[in-house]
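Some notes on the structure that comes next.
We're numbering straight along the sequence, starting at 1. Since the model is a prediction, treat every value here as computed from it, not as a measurement. We count ligands from 1, going down the list as the structure has it; atoms in each ligand are counted the same way.
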Amino acid sequence: MRIALGVSGGIAAYKACEVVRGLFKAGAEVQVVMTRNAERFITPLTLQTLSGRRVLTDDWDDPDAVVQHIELSREIDAFVVAPATANVLAKFARGVADDFLSTFYISVTAPVVVAPAMNTRMLVHPSTRENLAALERRGVKIVPPGSGWLAERETGAGRLAEPDAIVEAALAAARRSSALEGRTVMVTAGPTREAIDPVRFVSNRSSGKMGYALAEAAQRRGARVILISGPVDLPPPFGVDVVRVESAVKMQQAVERHRPEVDTVFMAAAVGDYAPVAASSKLKKTGGPLELRLEEGPDILAGLGAHKDGLLLVGFAAETDDVLAYGQSKLERKNLDYIVVNDVSRSDIGFDADDNAVTILGRGREPLTVPKAQKSRIADAILDHVFASAGDA
Ligand SMILES: Cc1cc2nc3c(=O)[nH]c(=O)nc-3n(C[C@H](O)[C@H](O)[C@H](O)COP(=O)(O)O)c2cc1C
């Protein structure tokens with residue numbers, strides 16, 4: 001595994017040493033790229049000694065005269081920048097390429113992780129916030145800064161995240177396999193919104209986190225991934241094609257449109273079962289109760305199950321009682337290959353939580369119980385189980 005570590009000119013540059021050591025200990029080869037200003041805070045010699053490689057600062061001093069930012073961009077599994085200055089974030093967000101680090105960034109196609117570090121005033125400035133949001137939208141993973149004692153002898157947000165957290169994020173971004181190469185996987189995620197009138201809607205508590213984690217995990221295993229997402233507040237996973245929809249009907253249309261391209265579907269979205277007949281103009285207060293009549297919406301999963309043609313179909317069931325019995329009956333009724341069931345009556349797992357605990361039921365297979373863990377780990381367990389039987393663990 002080869003990781004490029006960018007170091008820019010902030011007071012936390014010395015902590016890059018810990019990041020190099022952590023990556024090295026995990027077995028990664030590390031190529032350090034520094035800005036000129038970073039060299040004012042820490043010498044290239046220190047990082048060169050720790051990484052065992054010549055530090056790169058610009059293209060101009062290369063004895064072999066190769067275009068190093070392009071060469072290196074072809075070889076790496078991930079690019080992590082720690083610390084990332086406000087300046088570097090701005091350059092990355094706008095595509096400014098006026099030194100080695102920023103030119104390298106716009107050459108990289110591997111996943112990018114940035115760990116910002118700066119004084120609180122710089123961090124909360126609208127330009128920094130906008131730059132971070134733009135990077136996140138583009139699939140860059142942000143390791144958020146923590147709060148604590150800052151170099152300016154004051155306390156506040158902006159401290160570089162702990163080196164261990166940065167190492168973990170970089171390794172997670174770099175870890176890929178080719179197990180699902182050649183497969184195209186569709187994942188649906190999040191809630192749907194069913195309009196009552198132009199300003200109001202009926203929805204549910206799904207955060208989309210489980211579906212997004214599955215999409216990310218499948219992409220890391222080499223699958224092409226199409227993520228059909230209801231309205232959620234999550235950044236798009238790196239390398240995944242995201243199709244955004246609002247209502248159950250729009251989700252059904254998107255699923256049907258992409259169905260011919262895919263061999264596997266994970267229906268993790270919490271699709272609204274019922275929808276009001278939407279009023280074309282805003283409903284006014286009448287001084288009395290308002291009755292809403294709800295009509296049953298499309299059953300996307302059953303539709304897929306009815307015409308499988310070799311499709312590997314995985315459903316999800318979020319239930320509050322008789323979770324396993326309900327899951328088993330849904331598996332059979334909707335002609336699924338697997339169903340992932342979870343108990344959403346628990347507040348520590350399921351809807352909107354970062355953790356989940358599930359049981360995977362499959363045709364002709366023993367149920368697999370995956371105990372409480374982060375949704376990214378649950379996603380890996382689901383993929384391991386589902387694709388092991390298809391021969392592509
Ligand atoms: C003592 C000192 C400490 C600094 N610390 C930070 C910092 O922690 N974060 C930051 O974004 N900028 C910091 N700056 C400002 C950057 O060094 C400055 O914006 C510079 O242009 C960044 O260059 P680079 O992004 O090319 O490395 C600091 C400047 C000085 C003089």
Q. Of Val108, Leu5, Ile3, which meets side chain to side chain contact (heavy atoms under 4.5 Å, CB included) against Ile76?
A. Val108
**Q.** Protein contact to atom 6 (C) of ligand 1 [nearest heavy atom, distance to 0.1 Å]
**A.** Gly10 CA, 3.5 Å
Q: State, with a plain yes or no, whether a side-chain heavy atom of Arg2 is found less than 4.5 Å away from one of Gln31.
A: yes
Q) Any donor and acceptor pair, going by atom type alone, linking the side chain of Ser203 with main-chain N or O of Thr192 inside 3.5 Å? A) yes
(Q) Suppose I only count heavy atoms of Ala117 and a 4.0 Å limit; which atoms of ligand 1 are within that range? (A) 7 (C), 8 (O), 9 (N), 10 (C), 11 (O)
**Q.** Heavy-atom proximity to atom 27 (O) of ligand 1, best of Ala86, Ala84, Gly9
**A.** Gly9
Q: Please report which non-hydrogen protein atom sits nearest to atom 21 (O) of ligand 1, along with the residue it belongs to and the distance in Å to one decimal place.
A: Asn37 ND2, 3.4 Å
Q.
For atom 5 (N) of ligand 1, what's the nearest protein heavy-atom neighbour? Residue, atom name and distance, please.
A. Ile11 N, 3.4 Å
(Q) Give the atom numbers and elements of ligand 1 that come within less than 4.0 Å of a heavy atom of Phe41. (A) 1 (C), 2 (C), 3 (C), 4 (C), 30 (C)
Q) Does a donor on one side chain and an acceptor on the other come within less than 3.5 Å for Arg176 and Gln219? A) yes
Q) Numbering the atoms of ligand 1 from 1, which are under 4.0 Å from a heavy atom of Asn87? A) 22 (C), 23 (O), 24 (P), 25 (O), 26 (O)
Q. Distance below 4.0 Å between atom 31 (C) of ligand 1 and any protein heavy atom?
A. no
(Q) Can you name the atoms of ligand 1, numbered from 1 with element, that are less than 4.0 Å from a heavy atom of Met122? (A) 10 (C), 11 (O), 12 (N)
Q. Which ligand 1 atoms are under 4.0 Å away from a heavy-atom of Thr35?
A. 24 (P), 26 (O), 27 (O)
Q: Using a strict 4.0 Å threshold on nitrogen-to-oxygen distance, state whether Arg220 and Asp380 make a salt bridge.
A: no
Q: Using distance alone, decide if ligand 1 has a nitrogen or oxygen within less than 3.5 Å of any nitrogen or oxygen in Thr85.
A: yes
Q: Would you please say whether a donor-acceptor pair under 3.5 Å links the side chains of Tyr212 and Ser229?
A: yes
Q: May I have the step-by-step check of ring-ring contact (aromatic ring centres under 6.0 Å, His included) for Phe79 and Phe104, ending in yes or no?
A: CA-CA 9 Å; Phe79 176 33; Phe104 179 57; 4.7 Å; yes
(Q) Tell me whether Ala38 has any N or O atom under 3.5 angstrom from an N or O of ligand 1. (A) no
Q: Look up atom 18 (C) of ligand 1 and tell me if a protein heavy atom lies less than 4.0 Å from it?
A: no
Q) Quick one: are Val114 and Val80 in side-chain contact, heavy atoms under 4.5 Å? A) no
Q) Under 6.0 Å between the ring centres of His385 and Tyr338? A) yes
